**Q** 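The structure's right below; bear with me while I get my questions together.
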Amino acid sequence: MKSISEHILSWYHTHKRDLPWRYTKNPYLIWLSEIILQQTKVSQGTPYFIQFSTKYPSIYDLAFSSEDDVMKTWQGLGYYSRARNLHKTAKIITEQYSGHFPDSYKELLKLPGIGEYTAAAISSIAFDQSIPVLDGNIYRVISRLFGVTLEIGTTSVKKYFIGHAANLLGDLPPGDFNQAMMEFGALQCTPKNPSCDICPVKNKCSAFANDNVHLLPVTKKRNPLKDRYFTYYVFHDATHTIVHRRANDDIWGGLYEFPKKEHSKLLNYNNLKHGDDEMEVVDLRHILTHQRLFIRFIIIRQQILQKLEGSQQLIQLKKFDTLAIPKPIVLLSQKSLIWKSLIS
DNA sequence: GAAACGTGGCG
DNA sequence: TCGCCAAGTTT
């Protein structure tokens with residue numbers, strides 16, 4: 001008689017996807033994949049994993065690159081603190097650990113960007129340590145299997161779920177079993193329209209028996225979006241433009257944007273005339289998890305850039321595309337006639 | 001411990 | 001259009 005865990009492990013061996021990080025036990029690559037996959041779907045993260053593992057084959061390649069370079073490679077993936085912490089941790093590992101990842105959950109937890117989930121994932125997948133992982137998939141699988149109606153979000157509920165995950169893990173191979181649970185949640189026990197008809201553990205599933213699969217797990221409602229308004233001034237002449245590096249404690253931390261009014265005392269645009277054909281306005285709306293941004297770009301051709309001084313950086317247009325920029329600026333390059341002709 | 005951090009896909 | 005969710009972490 002197979003246990004629930006054995007069923008899920010068997011299911012995994014038959015149905016697991018062919019993914020690039022499943023060909024290695026190299027802790028560096030396992031770590032890289034886990035950071036990329038935080039809050040990110042496999043389909044979205046996979047191209048980035050290939051890029052990173054090709055461009056930075058070892059942790060030394062990553063550590064000896066610049067943060068700007070890492071940010072540029074990360075561009076478009078979101079949650080940019082992951083990229084900054086990736087670079088930080090690479091430096092710590094090379095400088096303080098002689099390039100070798102620590103193998104213990106406790107030691108891994110100390111590294112920037114590695115929390116409970118990632119420490120458990122690396123220690124189990126790369127080092128065969130019997131430590132259960134708990135991610136969004138596993139919350140869902142466990143809540144349905146055992147009919148857990150506790151609301152997800154608090155520390156005590158988290159401990160309760162980890163207890164279940166530890167029981168399920170038992171003596172099974174930790175790397176495979178942890179991945180099996182996540183893969184099972186991602187492909188079979190999905191948030192919407194799970195494939196219960198072909199589920200290998202439906203006869204052991206509380207939610208299936210009670211016909212409340214669609215009600216589990218119980219999650220907290222999100223706060224309503226906040227509106228925020230940005231106006232960027234895209235000053236440029238034939239060769240240069242002005243950029244500004246965003247602070248790390250806000251959205252797009254460490255990425256480059258155009259100056260806004262608040263840091264533009266030196267940008268005098270008295271001599272600009274509305275309706276000038278060398279000025280263009282582009283409006284964009286951009287939705288993030290917690291806010292709705294209304295962004296206006298005012299694109300202005302200016303002959304006097306060299307005279308500008310202050311906190312902004314003057315950047316050669318040719319080098320502009322080596323800097324990491326937020327999604328709306330990528331979109332701008334598709335929408336603006338002036339800007340498009342300038343950078344291409 | 002609540003709130004914030006990005007982007008993309010789906011119903 | 002909108003809400004929800006995704007291999008979570010940090011403050």
Side-chain angles (χ1 to χ4, degrees), chain A residues 12 16-17 19-22 30-49 71 74-86 88-89 108-122 124-126 132-141 151-158 161 165 175 177-187 189-194 214-226 228 246-255 285-293 324-331:
Chain A
Y12 177 66
K16 68 176 172 182
R17 288 167 289 186
L19 301 173
W21 50 88
R22 291 197 170 141
I30 299 299
W31 165 67
L32 179 60
S33 72
E34 291 301 340
I35 301 299
I36 287 174
L37 292 172
Q38 286 169 5
Q39 295 289 282
T40 302
K41 290 209 169 99
V42 163
S43 55
Q44 193 187 358
T46 299
Y48 285 84
F49 177 83
M71 298 303 286
W74 196 271
Q75 176 180 305
L77 194 52
Y79 285 149
Y80 296 94
S81 66
R82 291 184 292 172
R84 300 193 304 271
N85 285 150
L86 194 75
K88 261 193 219 168
T89 289
L108 286 163
L109 208 46
K110 297 177 183 171
L111 296 165
I114 298 185
E116 291 179 9
Y117 163 79
T118 307
I122 296 172
S124 64
I125 297 171
V133 298
L134 181 59
D135 76 332
N137 290 305
I138 297 178
Y139 268 116
R140 184 170 57 255
V141 172
E151 186 179 276
I152 291 169
T154 68
T155 305
S156 58
V157 169
K158 189 174 192 177
F161 275 86
F177 181 72
N178 282 339
Q179 292 188 78
M181 287 287 284
M182 294 189 279
E183 192 80 335
F184 186 73
L187 300 181
C189 193
T190 51
K192 283 161 194 164
N193 305 320
H214 62 294
L215 298 177
L216 297 173
V218 178
T219 56
K220 228 182 76 179
K221 270 198 177 160
R222 292 189 193 205
N223 298 329
L225 269 61
K226 289 167 186 169
R228 202 166 159 191
R246 290 187 63 90
N248 288 349
D249 61 357
D250 197 358
I251 54 168
W252 304 318
L255 273 63
R285 203 173 73 141
H286 192 73
I287 310 288
L288 300 125
T289 307
H290 296 94
Q291 48 192 328
R292 181 169 39 202
L293 303 181
I325 57 174
K327 188 64 190 295
I329 297 182
V330 174
L331 294 177

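Bear in mind the structure is a predicted one, so any value in this text is a computation, not a measurement. First the proteins, then the strands, lettered A, B, ... as listed; each starts at 1. Values below: all heavy atoms of this structure, side chains included; hydrogens, waters and symmetry mates excluded.
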**Q** Quick one: is B/dT7 close enough that its OP1 or OP2 comes under 4.0 Å of any side-chain N or O from A/W252?
**A** yes
**Q** A/L134 CG to C/dT9 P: how many Å, rounded?
**A** 10 Å
**Q** By nearest atom, which of the nucleotides B/dC5, C/dA7, C/dC2 is closest to the A/E34 side chain?
**A**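 Comparing B/dC5, C/dA7, C/dC2 against the side chain of A/E34, the answer is C/dA7.
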**Q** Select one nucleotide: of C/dA7, C/dC5, B/dG8, the one nearest the side-chain heavy atoms of A/P191.
**A** C/dC5
**Q** Going by distance alone, is a donor N or O of one side chain under 3.5 Å from an acceptor N or O of the other, for A/R82 and A/T40?
**A**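 There is such a pair between these side chains.
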**Q** How long is the gap from CD1 on A/I114 to CG on A/L109, to the nearest 0.5 Å?
**A** 8.5 Å
**Q** Provide the distance between the two C1' atoms, one in C/dA7 and one in B/dG1, to the nearest whole Å.
**A**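 Result for the C1' pair: 23 Å, nearest Å.
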**Q** Could you give the CD1-to-P distance, from A/I287 to B/dG9, as a whole number of Å?
**A**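 Computing the A/I287:CD1 to B/dG9:P distance gives 15 Å.
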**Q** Just checking, any donor-acceptor pair under 3.5 angstrom between side chains of A/E151 and A/T219?
**A** no
**Q** So if I take every side-chain heavy atom of A/R285 and compare against C/dA7, C/dG8, C/dT1, which nucleotide ends up nearest?
**A** C/dT1
**Q** OP1 or OP2 of C/dG8 versus the side-chain N and O atoms of A/Q38: is any pair under 4.0 Å?
**A**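 Checking C/dG8 against A/Q38, no side-chain N or O comes under 4.0 Å of OP1 or OP2.
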**Q** Send over the distance from A/I36 CD1 to B/dT7 C1', rounded to a whole Å.
**A** 15 Å
**Q** Would A/Y117 and A/E34 count as a side chain to side chain donor-acceptor pair (under 3.5 Å) if you check the C-alpha gap in whole Å, the side-chain angles of each, and the deciding distance to 0.1 Å?
**A** CA-CA 9 Å; A/Y117 163 79; A/E34 291 301 340; 2.6 Å; yes
**Q** Across the strands shown, which category fits A/E183 at heavy-atom distances under 4.0 angstrom: base, sugar-phosphate, nothing?
**A**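 The answer is base, as A/E183 lies within the cut-off (heavy atoms under 4.0 Å) of a base atom.
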**Q** Just checking A/T219: base, sugar-phosphate only, or nothing, at a heavy-atom cut-off of under 4.0 Å?
**A**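 Result for A/T219 = sugar-phosphate.
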**Q** Using a 4.0 Å heavy-atom cut-off, does A/R246 contact any base of the nucleic acid, only the sugar-phosphate backbone, or nothing at all?
**A** nothing
**Q** Starting at the 5' end of DNA chain B and moving along, which residue's nearest nucleotide shows up first, A/T154 or A/D250?
**A** A/T154
**Q** For A/W21, report the nucleic acid contact type (base, sugar-phosphate, nothing); a contact means any heavy atom under 4.0 Å.
**A** base
**Q** In whole Å, I'd like the distance from the CZ atom of A/R222 to the C1' atom of B/dA4.
**A** 11 Å
**Q** Work out which heavy atom in A/M71 is nearest to a heavy atom in A/G253; give both atom names and the distance.
**A**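 Closest heavy-atom pair between A/M71 and A/G253: CE-O, 3.5 Å.
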**Q** Nearest heavy atom decides the nucleotide; on that basis, is A/N223 or A/N193 closer to the 5' end of DNA chain B?
**A** A/N223
**Q** Is the phosphate of C/dT9, meaning OP1 or OP2, less than 4.0 Å from a side-chain N or O of A/T118?
**A** yes
**Q** Closest heavy-atom contact between A/I30 and A/I122?
**A** CG2-CA, 4.3 Å
**Q** Do A/W21 and A/F49 have their ring centres less than 6.0 Å from each other?
**A** yes
**Q** Any base atoms under 4.0 Å from A/I251, or only sugar-phosphate, or nothing? Heavy atoms, all strands.
**A**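 Result for A/I251 = sugar-phosphate.
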**Q** Rounding to a whole Å, what distance do you find between A/L86:CG and C/dT9:P?
**A**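 About 14 Å, once rounded to whole Å.
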**Q** Check this one for me: any side-chain N or O of A/Q291 less than 4.0 Å away from OP1 or OP2 of B/dC5?
**A**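 For A/Q291, the contact criterion (side-chain N or O under 4.0 Å from OP1 or OP2 of B/dC5) is met.
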**Q** Would you state whether a donor and an acceptor, one from the side chain of A/Y117 and one from the base of C/dG8, lie under 3.5 Å apart?
**A** no
**Q** At less than 4.0 Å, is any side-chain N or O atom of A/K41 found next to OP1 or OP2 of B/dC10? Yes or no.
**A**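 Answer no for this pair, as no side-chain N or O of A/K41 is under 4.0 Å from OP1 or OP2.
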**Q** At less than 3.5 Å, do the side-chain atoms of A/T289 and the base atoms of B/dG6 form a donor-acceptor pair?
**A**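 For A/T289, whose side chain was compared with the base of B/dG6, there is a donor-acceptor pair (under 3.5 Å).
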**Q** Within the 4.0 Å heavy-atom criterion, would you say A/G45 contacts the bases, only the backbone, or no part of the nucleic acid?
**A**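 Counting heavy atoms under 4.0 Å across all strands, no contact is made by A/G45.
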**Q** Does C/dT10 have OP1 or OP2 under 4.0 Å away from a side-chain N or O of A/Y79?
**A**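 So the side-chain polar atoms of A/Y79 never come under 4.0 Å of the phosphate oxygens OP1 or OP2 of C/dT10.
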**Q** Counting any heavy atom closer than 4.0 Å, what does A/K226 reach on the DNA or RNA strands: base, sugar-phosphate only, or nothing?
**A**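 Contact class for A/K226: sugar-phosphate only.
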**Q** Quick one: label A/T155 by what it contacts on the DNA or RNA (base, sugar-phosphate, nothing), any heavy atom closer than 4.0 Å.
**A**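 Sugar-phosphate contact only - A/T155 comes under 4.0 Å of backbone atoms but never of a base.
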**Q** With a cut-off of less than 4.0 Å, is there a side-chain N or O of A/H290 near OP1 or OP2 of B/dG6?
**A**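 It does not, given that no N or O in the side chain of A/H290 lies less than 4.0 Å from OP1 or OP2 of B/dG6.
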**Q** Please state how far atom CG in A/L77 lies from atom P in C/dA7, giving the value in whole angstrom units.
**A**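 That distance rounds to 14 Å.
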**Q** Rounded to the nearest angstrom, tell me the gap between atom CG in A/L225 and atom C1' in C/dG3.
**A**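 Taking CG of A/L225 and C1' of C/dG3, I get 10 Å after rounding.
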**Q** In whole angstrom, give the distance that lies between atom CD1 of A/I152 and atom C1' of B/dG1.
**A**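 Value for this atom pair: 16 Å.
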